[in-house]
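Reviewing the structure listed below.
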Amino acid sequence: MMKNLILSSVFLATQLFSLSGHSALFDDDEARKKILEVEKNLQSQNQATQSALRDLKQSNEQRDTVTRNGLADMQSQLDALKQENARLKGELEVANHKVETALQRQKDLYTDIDERLRKLESAPVAEVAAPPAVAEKNTQEYQLLELANGLSKESKHKDAFKEYDKFLKDYPGSSLAPEAMYGLGYSQFALKNYKSSIATQQKLMDTYPDNPKVPDAMFNLANSQIQLGLVPGAKKTLRDLVAKFPNSELTPTAQKRLKALEAIR
């Protein structure tokens with residue numbers, strides 16, 4: 001556009017020069033008229049050129065303004081993204097802290113439960129003492145059971161387990177079988193084989209539901225459930241024990257243990 005305007009101006013100036021140089025060839029009035037007409041056109045073209053230059057300058061200024069505003073908007077968006085990133089980072093750190101706190105609290109809770117149960121286990125309870133057998137004392141089965149009970153009292157649980165197991169295999173129909181079965185389950189508990197202990201004591205409860213060893217079996221079963229973290233199941237077993245055998249010697253101890261479990265949150 002600028003190139004066209006400049007060429008037009010040069011062309012008009014050339015015409016003016018040419019007319020001025022040959023004015024003598026024309027009539028004076030006609031020559032003046034032509035010259036004035038050319039000057040008028042030249043002035044008009046010059047004004048148009050100036051106007052175009054102003055428009056071009058304004059257009060450039062507007063473009064520069066738009067560019068600056070665009071850069072400013074991008075910088076503003078970048079700042080906003082940085083702030084959002086900082087906020088999310090802060091929230092993530094807070095969330096991580098809460099998770100760590102919850103894990104530590106859970107660990108402390110398990111430690112507390114373990115300490116409470118250790119104290120309860122260290123207290124004298126009736127389950128440790130095996131009741132005397134009521135069968136014939138001169139029989140081999142009675143002597144074998146006495147041997148197993150003696151090993152259990154000496155905390156030789158592995159040897160006691162073998163003797164209880166032998167008794168049940170040799171004398172499955174003996175009147176002493178419930179006691180031997182309880183002793184077998186208790187040995188498994190002492191050897192930390194809690195799942196097997198639960199199965200053995202449950203078998204005793206199902207096979208001999210009216211036997212005097214059932215409360216002992218239930219109490220031992222609850223202890224295995226506690227060791228396995230089956231606290232709701234342990235609570236139920238202890239409640240059943242208290243409900244079914246309110247006069248059992250184990251009932252006060254079962255109530256005490258149940259109270260301790262229910263106090264744990």
Side-chain angles (χ1 to χ4, degrees), residues 113-114 117-118 120-135 140-245 247-258 260-261:
I113 292 174
D114 186 66
L117 293 177
R118 285 178 183 278
L120 290 173
E121 293 298 336
S122 62
V125 293
E127 68 172 341
V128 176
V134 294
Q140 289 185 345
E141 60 183 282
Y142 177 84
Q143 293 176 359
L144 181 56
L145 182 61
E146 282 293 289
L147 173 62
N149 286 339
L151 292 170
S152 179
K153 290 178 181 178
E154 294 174 2
S155 299
K156 297 179 180 179
H157 301 294
K158 190 173 182 180
D159 293 333
F161 171 82
K162 292 180 180 178
E163 298 303 327
Y164 285 127
D165 186 58
K166 184 177 185 304
F167 181 96
L168 292 171
K169 289 179 179 176
D170 293 346
Y171 308 102
S174 171
S175 60
L176 299 176
E179 183 178 348
M181 192 173 294
Y182 167 77
L184 181 70
Y186 181 77
S187 297
Q188 290 169 324
F189 173 83
L191 294 171
K192 299 183 179 180
N193 193 349
Y194 303 119
K195 292 183 178 179
S196 295
S197 178
I198 289 175
T200 300
Q201 302 298 13
Q202 187 64 55
K203 183 179 180 180
L204 190 160
M205 293 159 56
D206 296 339
T207 307
Y208 310 101
D210 299 325
N211 190 274
K213 295 302 296 182
V214 169
D216 299 83
M218 295 180 70
F219 190 75
N220 189 235
L221 189 152
N223 286 337
S224 293
Q225 289 174 317
I226 292 171
Q227 293 298 329
L228 291 174
L230 307 174
V231 176
K235 290 180 181 179
K236 183 180 183 306
T237 302
L238 293 173
R239 290 193 191 101
D240 291 343
L241 191 161
V242 173
K244 293 180 179 179
F245 305 98
N247 298 322
S248 171
E249 293 180 354
L250 272 175
T251 298
T253 304
Q255 290 174 323
K256 182 180 178 181
R257 188 154 303 184
L258 178 60
L261 289 177

Separation between CD of Gln202 and OG1 of Thr200, rounded to the nearest 0.5 Å
10.5 Å
Does Phe219 reach the side chain of Leu238, with side-chain heavy atoms less than 4.5 Å apart?
yes
With the side chain counted from C-beta on, respond yes when Phe161 and Asn193 share a heavy-atom pair under 4.5 Å apart, and no when they do not.
no
Please walk me through it: do Ser196 and Gln188 pass side chain to side chain donor-acceptor pair (under 3.5 Å)?
CA-CA 7 Å; Ser196 295; Gln188 290 169 324; 4.5 Å; no
What are the two closest non-hydrogen atoms of Leu258 and Arg239, and how far apart are they?
CD2-CG, 3.6 Å
Give the minimum heavy-atom separation between Tyr208 and Val214, together with the two atoms involved.
O-CG2, 2.9 Å
I need the minimum non-hydrogen distance between Ile198 and Ser224, along with the two atoms involved.
CG1-CB, 3.4 Å
So do the side chains of Asn220 and Ser197 get within less than 4.5 Å of each other, counting heavy atoms only?
yes
How far does CG of Leu145 sit from CD of Glu163, to the nearest 0.5 angstrom?
10.5 Å
Kindly indicate whether the side chain of Ser152, heavy atoms from C-beta on, has any atom under 4.5 Å from the side chain of Tyr164.
yes
N-O pairing of Asp170 and Lys166 below 4.0 Å:
yes
Do Gln140 and Leu144 have side-chain heavy atoms sitting under 4.5 Å apart?
no
Beyond-backbone contact of Gln201 with Phe189, side-chain heavy atoms, under 4.5 angstrom:
no
So, do Leu176 and Tyr171 sit near enough that their side-chain heavy atoms are less than 4.5 Å apart?
no
For the CD1 atom of Ile226 and the NZ atom of Lys235, what is their distance to the nearest 0.5 Å?
10.0 Å
Nearest 0.5 Å please: distance from the OG atom of Ser187 over to the CG atom of Asp159.
9.5 Å
How many angstroms lie between atom OH of Tyr186 and atom CG of Asp216, to the nearest 0.5 angstrom?
11.0 Å
For the residue pair Asn149 and Glu179, establish whether any side-chain heavy-atom pair is separated by less than 4.5 Å.
yes
Using 0.5 Å steps for rounding, measure from the CG atom of Leu241 to the CD atom of Gln255.
9.5 Å
Identified side-chain contact (heavy atoms from CB on, under 4.5 Å) counterpart of Met181 within the set Lys203, Met205, Lys213
Lys203
With Gln225 as reference, evaluate Asn223, Leu228, Leu221 under the side-chain contact (heavy atoms from CB on, under 4.5 Å) test and give the passing residue.
Leu221
I need the minimum non-hydrogen distance between Leu168 and Ala177, along with the two atoms involved.
CD2-O, 3.6 Å
